[in-house]
Amino acid sequence: MNRHTFLHGALVLMIAGLVTRVMGFIYRIFLTRIIGAEGMGLFQIVFPILGLVLTFVTMGFPLAISKLVAEAVAQRDRARIQRIMRISGISVASLAVLFTLLMYLFRHAIETHWLTDPRAYPAYLAMIPVVGIIAISSLYRGYFQGLQDMAPTAWASILEQTVRILSIWILAAYFVRYSLSYAAAAAMMGMVLGELSGLLFMVFQQRRRARLIDVIPDPAYTRATESMRSTVHAIGQISLPVTLSKLIWSLLFAAEPVLVMRALQAAGFVTSQATSMYGEYSGMAIPLLVFPTVITSSLATNLVPAVSEAAAAGEMFRIRKRLSQSFTATALVSFPASVVFTLFAGPLTTVIYKQPNIGPILAIMAPFEFLLCLQAPLTGILQGLNRAGVAMVNSIVGGVAKLLLIVVLARRPEVGILGVSMATAFSFTLSTLLNLWFVVRMIGFHIRLQSLLRVGIAAIGMFAYMQAITFHHRPLPGSTLLLAIGGGLIVYFALLCALRVLTSRAVSRIPKVGPALARIVRWMPFAV
């Protein structure tokens, strides 16, 4: 089996991520049109519980598998991969069975003491089966990421979203005639069906293209075989800090809807209003805000095995190169996104969700898009350098600060849900800056500031164009909005080529699509 390059793997995940994010927006648009902001709030209230349970079930095994399998493949150690997968599989399957039972047995306690809106209880029950499915899927994802073969996980994600969208048309649209509770539960069932389809696809792909005998046909001969205890220790060394980080973060995330609902109620809003506001924030504004992170999350997924491999070989220059590439890629994506979300937050959310009041929620966080997108690559580098604990602490610091600010700001009637947006922006800004400080301390500051400046100039040019197009249009019609954003992106791309941020030579090195993109770049004025 051929090893895939860092750029190839990142590109595959980026393309798949873009496709699935677009499909995810279609999914949310249909869901919002069917069940509204209040129904979205019910749907979102139970998600923190799922995140908390999955933290206990997966225990950081996917990251450990990704990192250790990458090292074992480089050493042609087939036996070690077998031990890694056997230990991880038994552990995760056992935990999945245990926590699925606990979720069912304590369902009434959770309904009474945790769910801030009792109408979310059916969605909680519908969510229980997905725990085991996601847990097993995570092992396959870690395995393929360790091989740096991102195609199976990419196609699995697309299949999952396809099944979820189809289920919305069939299930949620049917059950909404009975109540919002059952419609939200039907949407959750669609998630279960989507995750199951993705798991079955990855199982098939592993049998077809990633059997160990094909991955390592000629294993290296080693006299001393690593013991099972040593393998467990290696897995634990990586997974435990990640588990602790995710556990604390999941607890913070699980506390978020409770604190938000309590704060909004203290500000004078009734339960249904608070649920609707939380649905607007977490189910509509946040998905738009994090859309650009599909690029940097793909980079982060590839950075862990790539940085780990480079660190094991003592090639620090490769890690510095990855840092520089991550900064440039983050700026290329986040700068225009920040411009669009800040300038057109209101019109954009009106066109997408038919909910103009979501605009201010998004606009508060949009100027900090670059730092949000940069968080994942920096975390990936720290994890690849065996500094997952550092990333953990930084994430916790940001999470605690967010909850404290929610309590202070959201309970003020004149601020309300906007205070949650302010707290979120401060949280990821703080965590990212802390991650950057530690990465620079470990590998040095090797970032091409000249490239970032040129990307910034291109984004300013895009902003000027869009301001000129929309200056005399208030309120902004959908056709003018489309012209402004589409034309702005063309201006941005042309300026990137003119400023030599994108060159035909550099673009041509991108796997598969590079030559075609290089021809487009050469058509741009002043491009090279």
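Nothing here was measured: the structure is a model prediction, and the numbers come from that model. These numbers come from the heavy atoms of this one structure, side chains and all, not from hydrogens, waters or symmetry mates.
The closest side-chain heavy-atom distance from Ile110 to Leu115 is below 4.5 Å. The closest side-chain heavy-atom distance from Asn357 to Glu280 is below 4.5 Å. Counting heavy atoms from C-beta outward, Ser88 and Ile235 have side chains that approach closer than 4.5 Å. Side-chain contact check for Leu101 versus Val97: some heavy-atom pair is nearer than 4.5 Å. At a threshold of 4.5 Å between non-hydrogen side-chain atoms, the residues Leu259 and Arg262 do not count as touching. Looking at heavy atoms from C-beta onward, Gln467 lies in side-chain contact with Leu343 at the 4.5 angstrom threshold. By the 4.5 Å heavy-atom criterion applied to side chains, Leu50 and Met191 are counted as neighbours. Put simply, the side chain of Met466 does not reach to within 4.5 Å of the side chain of Pro336, judged on heavy atoms.
The minimum heavy-atom distance between Gly132 and Thr100, with the atom names listed, is N-OG1, 4.4 Å. Contact between Pro292 and Cys373 at its shortest, heavy atoms only, is CB-SG, 4.0 Å. Looking at every heavy atom in both residues, Ser431 comes nearest to Ser395 through OG-CA, 3.9 Å. Among all heavy-atom pairs drawn from Asn435 and Ala391, the shortest one is OD1-CA, 3.9 Å. Residues Ala135 and Val57 come closest through the heavy atom pair CB-CG1, 3.4 Å. Across all their heavy atoms, Ala331 and Tyr492 have their closest contact at O-OH, 3.8 Å.
To the nearest 0.5 Å, atom OG1 of residue Thr424 and atom CG of residue Leu289 are 8.5 Å apart. Here the CD1-OH distance, from Ile128 to Tyr104, works out to 8.0 Å after rounding to the nearest 0.5 Å. Between the CE atom in Met261 and the CD atom in Gln273 there is a gap of 11.0 Å [rounded to 0.5 Å]. Here the straight-line distance linking atom CE of Met127 with atom CD1 of Ile49 works out to 5.5 Å at 0.5 Å rounding. Between Ile469 atom CD1 and Leu481 atom CG the span is 12.0 Å, to the nearest 0.5 Å. One distance of note links CZ of Phe428 with CD of Gln375; it measures 8.5 Å at 0.5 Å rounding.
Panel note: side chain Ser451, backbone Thr328; no donor-acceptor pair is recorded below 3.5 Å. The backbone N or O of Pro62 sits nowhere less than 3.5 Å from a side-chain atom of Ser66 that would complete a donor-acceptor pair. Looking only at distances, no side-chain donor or acceptor of Ser338 sits under 3.5 Å from a matching main-chain atom of Ser334. Ser167 places a side-chain N or O within 3.5 Å of a backbone atom of Arg164 that can act as its donor or acceptor partner.
Under the 30°/60° scheme for interplanar angles, the aromatic rings of Phe99 and Phe56 are found to lie parallel. Classified by interplanar angle (parallel below 30°, tilted 30° to 60°, perpendicular above 60°), the ring pair Tyr124/Tyr121 is parallel.
Atom CZ of Phe426 has 12 or fewer heavy atoms from other residues, nucleotides or ligands within 6.0 Å. Shown here is Arg411, whose CZ atom has no more than 12 heavy atoms of other residues, nucleotides or ligands within 6.0 Å. Annotation: Arg177, atom CZ; neighbour count of heavy atoms from other residues, nucleotides and ligands within 6.0 Å is above 12. Environment of OH in Tyr182: sparse, with no more than 12 heavy atoms of neighbouring residues, nucleotides or ligands closer than 6.0 Å.
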For this session: Carefully, step by step, assess Glu256 and Tyr278 under the rule side-chain hydrogen bond (donor to acceptor under 3.5 Å, both in side chains).
Result: CA-CA 10 Å; Glu256 179 185 298; Tyr278 187 68; 3.2 Å; yes
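With Val130 as reference, Val192 is the one residue of Leu54, Val192, Leu196 to meet the side-chain contact (heavy atoms from CB on, under 4.5 Å) rule.
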